[in-house]
There are 2 protein chains.
Amino acid sequence: MARRTKAEAAATREALLDAAEEVFLEKGVARTSLEQIARHADMTRGAIYWHFRNKADLFQAMLQRVRMPFQELVEEIGDPSVTERPLEAIRLACLKGFERLEQPRYRRVHAILIHHCEVFGDIDPLAMQNEMAEEACGALIDYCGCAARLGHLRPGLDPGVAGELLQAMLGGLFHDWLRNHERFSILERGTLLLDTQLELMRAPASG
Amino acid sequence: MARRTKAEAAATREALLDAAEEVFLEKGVARTSLEQIARHADMTRGAIYWHFRNKADLFQAMLQRVRMPFQELVEEIGDPSVTERPLEAIRLACLKGFERLEQPRYRRVHAILIHHCEVFGDIDPLAMQNEMAEEACGALIDYCGCAARLGHLRPGLDPGVAGELLQAMLGGLFHDWLRNHERFSILERGTLLLDTQLELMRAPASG
DNA sequence: CGCTATCCATACAATGGTGTATGTAAATGG
DNA sequence: CCATTTACATACACCATTGTATGGATAGCG
């Protein structure tokens with residue numbers, strides 16, 4: 001075979017990553033060989049070993065395309081008044097997250113990371129999940145603390161517990177949906193559950 | 001080597017399952033060979049292939065030792081008045097579950113099922129998780145519906161949503177803790193979060 | 001226009017794991 | 001107390017996958 005142009009090479013790299021997503025999701029990371037990925041992209045293992053050092057490197061490149069930290073979601077809202085309404089900031093950031101997750105790429109890669117791979121090579125998916133959870137939980141607790149200081153939180157509800165409650169609920173929903181995304185819409189049920197939970201935690205309207 | 005007595009044979013079977021738990025948890029199911037399990041139990045693969053057909057069979061036998069359906073937890077409470085106080089039934093059943101999870105065997109096997117194995121052979125851990133979740137969620141919704149009819153639920157809170165909320169929160173906590181059980185006690189934080197959530201969902205004391 | 005680095009296919013050796021076949025000594029049943 | 005089954009250990013053949021080495025054709029650059 002012949003050498004490709006730079007654009008073609010970049011395209012095959014993306015095609016390999018796309019193929020990896022699909023095969024990983026279907027067969028699980030451990031049970032898919034590089035050969036299967038290559039064939040699924042109409043290539044050979046030679047292409048993979050040219051663009052990536054090994055399976056772990058390919059895996060990390062795949063993750064690189066869908067990083068989604070909680071703080072970025074908040075910033076993407078673009079509404080400067082969110083600091084005055086922290087519970088609303090949480091709400092909007094989560095809705096943005098739900099919308100992202102409905103894109104196949106985000107859904108697939110997160111499903112792979114959480115439900116379809118084990119430790120291998122120098123990849124520790126649980127450590128990655130821990131980082132994601134810590135970041136999200138920390139932000140949630142911060143916003144809940146802010147809400148408490150503003151009197152937006154139900155009296156007697158500890159902001160730390162409120163944040164952990166939210167993180168546990170969102171995480172549970174997340175895991176549940178990623179396990180089988182055809183059972184329900186993450187956007188619909190997520191909105192419903194989140195709104196209900198926030199309503200339960202919000203301070204009752206005074207006067 | 002020589003033939004063992006029936007009791008010794010049963011003991012080695014259990015030892016193999018114990019070894020499987022430990023190695024699976026440390027290395028992940030896919031990356032552990034039957035040889036590693038056997039050596040960890042001071043045996044050879046011959047012992048494994050005698051007691052089990054293959055890795056999948058061994059895996060299922062390992063799961064068999066820790067099945068814990070939600071309904072059984074309710075029944076184990078032994079208090080016949082739980083039907084009159086469904087929210088309390090949920091609470092006590094969950095506490096029982098938390099206590100079980102603190103036993104190393106229950107914790108390890110559930111951590112393996114949820115975080116350390118992919119599909120392999122005829123084993124589909126996601127399908128198993130789905131079954132567990134369905135069973136738990138169904139029971140929770142039932143009890144919440146019962147609570148709603150008795151007026152124990154906060155007015156305006158849909159019992160279905162309440163059940164899903166509880167299941168998501170408990171599931172999220174469950175996943176979080178199994179990912180790294182040394183960060184917090186499932187019994188302590190679970191009790192705190194569950195009590196807080198139930199308090200939020202309970203109908204305000206009348207009069 | 002020629003040279004070289006690039007982009008990939010193909011071929012190869014090495015490895016690790018699986019399943020099974022065979023060996024064997026003692027426990028068990030009659 | 002003898003025959004048979006049991007409960008493993010050992011040995012073997014087989015297969016899949018990996019990493020690398022090599023080949024080759026062209027794109028890009030001077």
Side-chain angles (χ1 to χ4, degrees), chain A residues 1-20 22-62 112 116-123, chain B residues 1-20 22-62 112 116-123:
Chain A
M1 285 289 168
R3 175 180 174 188
R4 318 290 172 88
T5 71
K6 270 203 242 179
E8 283 174 332
T12 60
R13 193 191 127 100
E14 296 299 306
L16 289 173
L17 290 175
D18 289 343
E22 294 177 16
V23 186
F24 280 162
L25 186 62
E26 188 185 338
K27 305 267 189 184
V29 175
R31 307 279 294 182
T32 73
S33 63
L34 296 181
E35 172 94 23
Q36 293 173 22
I37 295 174
R39 296 189 75 82
H40 195 266
D42 289 315
M43 297 275 152
T44 68
R45 266 169 53 244
I48 293 184
Y49 277 103
W50 172 254
H51 286 282
F52 311 97
R53 277 174 300 162
N54 49 32
K55 199 193 215 180
D57 192 39
L58 168 69
F59 186 83
Q60 280 194 334
M62 185 188 76
I112 291 167
H116 296 273
C117 77
E118 306 175 9
V119 287
F120 73 101
D122 50 350
I123 301 286
Chain B
M1 283 294 165
R3 175 178 176 188
R4 318 290 171 86
T5 70
K6 269 204 246 181
E8 283 173 331
T12 62
R13 193 191 129 100
E14 297 299 306
L16 289 174
L17 290 174
D18 289 343
E22 293 177 16
V23 186
F24 280 162
L25 187 61
E26 188 186 337
K27 306 266 189 184
V29 174
R31 309 278 294 181
T32 72
S33 63
L34 296 181
E35 172 94 25
Q36 292 174 24
I37 295 174
R39 296 189 75 81
H40 195 266
D42 290 314
M43 298 275 153
T44 68
R45 269 170 48 246
I48 292 185
Y49 277 104
W50 172 255
H51 286 282
F52 312 98
R53 275 173 304 160
N54 49 30
K55 199 194 216 178
D57 192 40
L58 167 69
F59 186 82
Q60 281 194 334
M62 186 187 74
I112 291 168
H116 297 272
C117 77
E118 306 174 9
V119 286
F120 74 101
D122 51 350
I123 301 286

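The structure displayed is predicted, hence computed values, not measured ones. Letters go in sequence order (proteins before strands), and every chain restarts at 1.
- Checked by atom type and distance alone, the side chain of A:K55 never pairs as donor or acceptor with a backbone atom of A:G121 at under 3.5 Å.
- A:L16 has its CG atom 13 Å from the C1' atom of C:dA9, to the nearest Å.
- Taking NE2 of A:H40 as the reference point, atom CG of A:D18 lies at 10.0 Å (rounded to 0.5 Å).
- One interatomic measurement links the two molecules: CZ of A:R4 to C1' of D:dG24, which rounds to 13 Å at whole-angstrom precision.
- Looking at residues 45-54 of chain A, you'll see A:G46, A:A47, A:W50, A:H51 sit with a heavy atom under 4.0 Å from some atom of DNA chain C.
- Residues satisfying the side chain to side chain contact (heavy atoms under 4.5 Å, CB included) criterion with A:A56, sequence neighbours excluded, are A:N54, A:F120, A:D122, A:I123.
- Comparing D:dA9, D:dA27, C:dA9 against the side chain of A:T5 picks out D:dA27 as the nearest.
- Every residue meeting the salt bridge (charged side-chain N to carboxylate O under 4.0 Å, His left out) condition with B:E14, not counting sequence neighbours, appears here in chain and number order: B:R65.
- Contacts with DNA chain D (heavy atom under 4.0 Å) in residues 23-41 of chain A: A:S33, A:L34, A:Q36, listed by number.
- For A:A61, the side chain to side chain contact (heavy atoms under 4.5 Å, CB included) partners are A:R13, A:L17, A:F52, not counting sequence neighbours.
- In this structure, B:D57 places its CG atom 13 Å from P of C:dT20, rounding to the nearest Å.
- Pairs of residues two or more places apart, or lying in two chains, that qualify as salt bridge (charged side-chain N to carboxylate O under 4.0 Å, His left out) and include a residue from residues 25-38 of chain B are B:E35-B:R39.
- As rounded to whole Å, 17 Å separates atom P of C:dA25 from atom CD of B:E8.
- Scored by the side-chain hydrogen bond (donor to acceptor under 3.5 Å, both in side chains) test, A:T32 finds no partners at all (sequence neighbours excluded).
- Atoms CZ (A:F120) and P (D:dT17) sit 15 Å apart, rounded to a whole Å.
- Checked by distance alone, A:R3 brings a side-chain donor or acceptor within 3.5 Å of a matching partner on the base of D:dA27.
- Counting to the nearest Å, the C1' atom of C:dT28 and the NZ atom of B:K6 are 9 Å from each other.
- Every residue two or more places apart in sequence or in another chain that forms a side chain to side chain contact (heavy atoms under 4.5 Å, CB included) with B:A30 is listed here: A:A30, A:E118.
- Residue pairs satisfying the salt bridge (charged side-chain N to carboxylate O under 4.0 Å, His left out) criterion with at least one member in residues 42-54 of chain B, sequence neighbours excluded, are listed as follows: B:R53-B:D57.
- Under 4.0 angstrom from either OP1 or OP2 of D:dC8 there lies at least one side-chain N or O belonging to B:T12.
- Between A:R13 atom CZ and C:dC7 atom P the separation is 12 Å, expressed in whole Å.
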